[in-house]
Amino acid sequence: MDTEIELKFLVSDNEVPLIPALITQFAKRVNNKPAKNLENAYYDTPNRELRALDIGLRTRCVNDECEQTIKLSGEVLGGLHQRPEYNLPLKGRKPDIFAFDTAIWPMGMRLEPIAENLFPIFTTNFIRRTWLIETDAGSLIEVVLDKGEVSASGKSEPISELEIELVEGERTDLFLLAEQLVSQIGVRLGFYSKAARGYRLADDMPLQPNSEIGFVPLSAEMNQEQAFIKTVNYAIELVQKHEQCYVNESSLKTLKRIIDGVRLVRHAFWLFEEFVARETTDNLRKELKWLLGELEWVESAIYLKTYTSKRHAYYKRIHNAPELSQIIDDLKSVQPTKTDLEDLFHCSRYNKLLLSLTRWLIEKSWRQNWDQNAIKAAQSSVRGMAKKTFDQEWKKLRGMFPDKQAMAVEQYVQTRPNIEEMLLSGNCFGALFEEGERHSFRAPWMDILAGIYELETLHYLKRLCEGQDAQSFSEILTWLQQKSDFLISAMEQSRQASINCEPYW
């Protein structure tokens with residue numbers, strides 16, 4: 001068995017000629033292997049039984065020599081892929097899963113019915129160039145450049161990937177090479193394997209953005225450190241998934257999920273501060289703040305899109321006010337373009353941030369200078385810590401909402417950071433508790449937060465109207481005030497329901 005430890009990058013055709021020189025600069029010695037044409041087929045059953053177990057079965061042929069490979073469920077931390085892999089020579093092109101050691105299969109897996117129903121789901125065919133490099137520290141790293149396509153059901157997508165895999169030596173050298181690559185050429189970290197892309201193509205299930213942040217998949221048996229790793233990794237995956245979603249099809253909703261992922265990382269640093277010391281995260285916090293700054297325009301862009309969407313009540317009002325429509329169009333015209341965002345995702349600083357987070361997770365850098373209190377906190381139950389966190393946040397939030405006094409717009413807007421903080425903690429720890437009770441508690445708070453977003457949408461439009469002389473502007477301002485009053489009335493009802501909710505923890 002081999003365990004792949006690799007980083008994957010997506011590379012454009014313009015960057016490909018630069019790769020050999022970069023590798024030579026980094027390496028002490030380079031062995032340039034002949035290019036190969038690799039013909040690969042991925043097998044599964046009609047019910048995708050192997051996929052359900054996170055098992056990949058592939059045949060690969062170069063000329064007339066073939067092999068079959070099993071890849072078992074592994075681990076992806078940030079951008080680092082680690083999966084157990086088993087390779088066997090193969091006569092012909094059809095796989096024989098009975099040839100593998102029976103010990104590799106998950107307990108209870110029945111091979112016979114799977115073997116009877118195997119068929120090729122998709123193919124990946126590409127030219128592979130390979131360099132084996134030796135670093136000054138003595139590590140061996142294999143660098144492969146794959147150019148070709150993945151095909152299924154009469155459809156195809158291009159493959160243009162650079163993979164660097166640690167063959168022998170220190171993982172540090174792998175990251176040093178990765179940092180040199182992202183510093184010198186416009187690559188970006190690849191999150192999805194060729195197999196994942198092939199299955200999506202075969203099943204006609206293109207990558208879709210999440211409708212919400214979701215819940216980190218924690219279990220009650222985890223200690224705090226395990227939960228912390230899971231949370232940060234979940235957040236990085238959220239960023240990387242929606243980066244790819246945006247490249248596939250640009251949308252503000254997708255960018256919002258990237259922002260959510262960044263906020264989730266920062267929130268995890270705060271939640272687990274008992275053993276994640278500030279000094280171990282200072283540089284990461286600085287870079288995360290930079291990325292949020294690069295995406296700061298997204299919220300106002302969402303407001304502007306709302307105003308010009310025919311699905312919203314704003315559209316008719318604004319459409320009948322040409323001067324206001326022109327102001328909104330002018331603001332939209334100076335927003336970053338899709339090209340600007342793709343440049344961001346390919347830039348050195350962005351990819352170095354993802355690499356730094358990945359390396360920080362892998363090396364458990366928060367353990368630097370741990371004292372006994374930090375060790376005790378890291379090893380203690382995450383469920384107990386979650387309850388304590390929820391109690392503190394619930395008490396703080398309730399203190400911001402008067403019992404028998406109506407709240408004004410400004411008061412609601414001031415509560416937004418605290419509501420978001422409580423809900424974000426719920427995204428981190430909610431999976432530890434019963435789903436129905438969790439939903440009943442969170443739903444009215446989600447309604448209030450949605451109301452606050454709507455109030456801010458109204459307020460932003462009000463600012464655009466104020467100071468204008470046209471009659472249409474004053475009519476819109478009157479309408480906005482009426483809409484705001486109605487919204488506050490509805491939010492007051494949600495507030496009463498939320499304050500009286502039974503905590504689910």
Side-chain angles (χ1 to χ4, degrees), residues 5-10 74-82 163-164 166 170-183 186-192 210 213-214 216-218 224-247 254-273 275-295 341 344-368 378 424 427-428:
I5 302 178
E6 68 179 23
L7 291 163
K8 184 192 304 290
F9 300 93
L10 305 179
E75 183 178 39
V76 180
L77 276 178
L80 190 73
H81 300 249
Q82 301 178 90
E163 296 177 358
I164 58 175
L166 184 64
E170 296 299 320
R171 199 163 44 207
T172 298
D173 283 347
L174 192 72
F175 282 102
L176 289 175
L177 174 57
E179 287 173 7
Q180 177 150 321
L181 288 169
V182 301
S183 296
V187 296
R188 62 187 179 93
L189 275 166
F191 180 62
Y192 293 102
N210 296 8
I213 299 175
V216 180
L218 303 184
Q224 286 194 42
E225 185 178 37
Q226 291 168 330
F228 173 70
I229 294 170
K230 202 81 171 176
T231 302
V232 175
N233 194 51
Y234 181 90
I236 297 172
E237 289 184 3
L238 196 67
V239 170
Q240 290 187 289
K241 174 186 176 178
H242 290 90
E243 170 200 319
Q244 186 60 52
C245 283
Y246 186 86
V247 171
T254 300
L255 294 178
K256 181 65 170 63
R257 292 289 88 82
I258 293 175
I259 293 169
D260 289 338
V262 176
R263 289 178 56 239
L264 192 57
V265 175
R266 299 209 309 178
H267 196 67
F269 289 166
W270 171 74
L271 283 175
F272 297 93
E273 62 184 355
F275 63 90
V276 180
R278 178 87 190 206
E279 57 267 25
T280 69
T281 62
D282 274 344
N283 189 60
L284 292 172
R285 288 174 191 265
K286 173 187 170 187
E287 294 304 293
L288 291 166
K289 183 179 180 180
W290 160 77
L291 181 53
L292 287 177
E294 292 293 307
L295 298 172
L341 269 296
L344 172 66
F345 298 146
H346 283 86
C347 81
S348 172
R349 190 169 183 179
Y350 173 80
N351 284 281
K352 278 187 174 180
L353 169 57
L354 293 181
L355 278 173
S356 296
L357 276 169
T358 299
R359 185 173 179 181
W360 191 81
L361 272 185
I362 292 291
E363 296 178 352
K364 295 183 172 62
S365 298
W366 56 87
R367 290 183 174 183
Q368 297 172 12
L424 204 53
N427 294 121
C428 292

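Residue numbers start at 1 and run along the sequence shown. Predicted model, so just to flag it, every value in this text is computed and none were measured.
Annotation: side chain of Glu237 is in contact with side chain of Asn233 (closest heavy-atom distance under 4.5 Å). Using a 4.5 Å heavy-atom threshold, the side chains of Lys364 and Glu225 count as touching. Contact annotation: the side chain of Lys289 approaches that of Arg266 to within less than 4.5 Å [non-hydrogen atoms, C-beta and beyond]. Side-chain contact check for Leu344 versus Leu295: some heavy-atom pair is nearer than 4.5 Å. Between Asn210 and Leu238, the closest side-chain pair of non-hydrogen atoms falls below 4.5 Å.
With rounding to the nearest 0.5 angstrom, the CG atom of Leu174 is 4.5 Å from the CD1 atom of Ile164. A distance of 6.5 Å separates CD1 in Ile259 from CG in Leu255, rounded to the nearest 0.5 Å. Separating the CZ atom in Arg257 from the OG1 atom in Thr254 is a distance of 8.5 Å, to the nearest 0.5 Å. With values rounded to the nearest 0.5 angstrom, Glu179 atom CD is found 10.0 Å from Leu7 atom CG. A distance of 7.0 Å separates CG in Leu284 from CG in Leu353, rounded to the nearest 0.5 Å. Rounding to the nearest 0.5 angstrom, the gap separating the CG atom in Asn427 from the OG1 atom in Thr231 is 10.0 Å.
The two residues Val187 and Asn351 make their nearest non-hydrogen contact at O-ND2, 3.2 Å. When all heavy atoms are compared, the tightest approach of Phe228 to Ala268 is CE1-O, 3.8 Å. When every heavy atom of Val216 is checked against every heavy atom of Cys428, the shortest pair comes out as CB-O, 3.7 Å. Of all the heavy atoms in Ser365 and Thr280, the pair that sits closest is O-CG2, 3.9 Å. Of all heavy-atom pairs between Lys352 and Ser183, the closest is CE-OG, 2.8 Å. Considering every non-hydrogen atom in both Leu354 and Leu189, the closest pair reads CB-CD1, 3.6 Å.
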- Item | Intermediate values then yes/no, side-chain contact (heavy atoms from CB on, under 4.5 Å), Leu10 and Val247 | CA-CA 12 Å; Leu10 305 179; Val247 171; over 6 Å; no

- side-chain contact (heavy atoms from CB on, under 4.5 Å) between Thr172 and Glu363: does it pass, once the steps are laid out? CA-CA 9 Å; Thr172 298; Glu363 296 178 352; 3.9 Å; yes

- Please walk me through it: do Leu264 and Leu424 pass side-chain contact (heavy atoms from CB on, under 4.5 Å)? CA-CA 7 Å; Leu264 192 57; Leu424 204 53; 3.9 Å; yes

- Which is it for Phe272 and Trp366 under the ring pair (Phe, Tyr, Trp, His ring centres under 6.0 Å) test, yes or no, and what are the steps along the way? CA-CA 10 Å; Phe272 297 93; Trp366 56 87; 9.7 Å; no

- Message: Test side-chain contact (heavy atoms from CB on, under 4.5 Å) on Arg278 and Arg285; report intermediate values, then the result.
- Response: CA-CA 9 Å; Arg278 178 87 190 206; Arg285 288 174 191 265; 3.5 Å; yes

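Under the rule for a salt bridge (Lys or Arg N to Asp or Glu O under 4.0 Å), Lys230 has no partner lying at least two apart in sequence or in another chain. Applying the ring pair (Phe, Tyr, Trp, His ring centres under 6.0 Å) test to His267 and every residue at least two apart in sequence or in another chain returns Trp270. Scanning for side chain to side chain donor-acceptor pair (under 3.5 Å) contacts around Arg171 gives an empty result, with sequence neighbours left out. Residues forming a ring pair (Phe, Tyr, Trp, His ring centres under 6.0 Å) with Phe269 (at least two apart in sequence, or on another chain): Trp360. Phe9 is linked by a ring pair (Phe, Tyr, Trp, His ring centres under 6.0 Å) to nothing, counting only residues two or more places apart in sequence or in another chain. Listed by chain and number, the residues in a side chain to side chain donor-acceptor pair (under 3.5 Å) with Tyr350 are Glu243 (sequence neighbours excluded).
With salt bridges taken as basic N to acidic carboxylate O contacts below 4.0 Å, none links Asp282 and Lys286.
The local environment of CD in Glu170 is sparse, with at most 12 non-hydrogen atoms from other residues, nucleotides or ligands closer than 6.0 Å.
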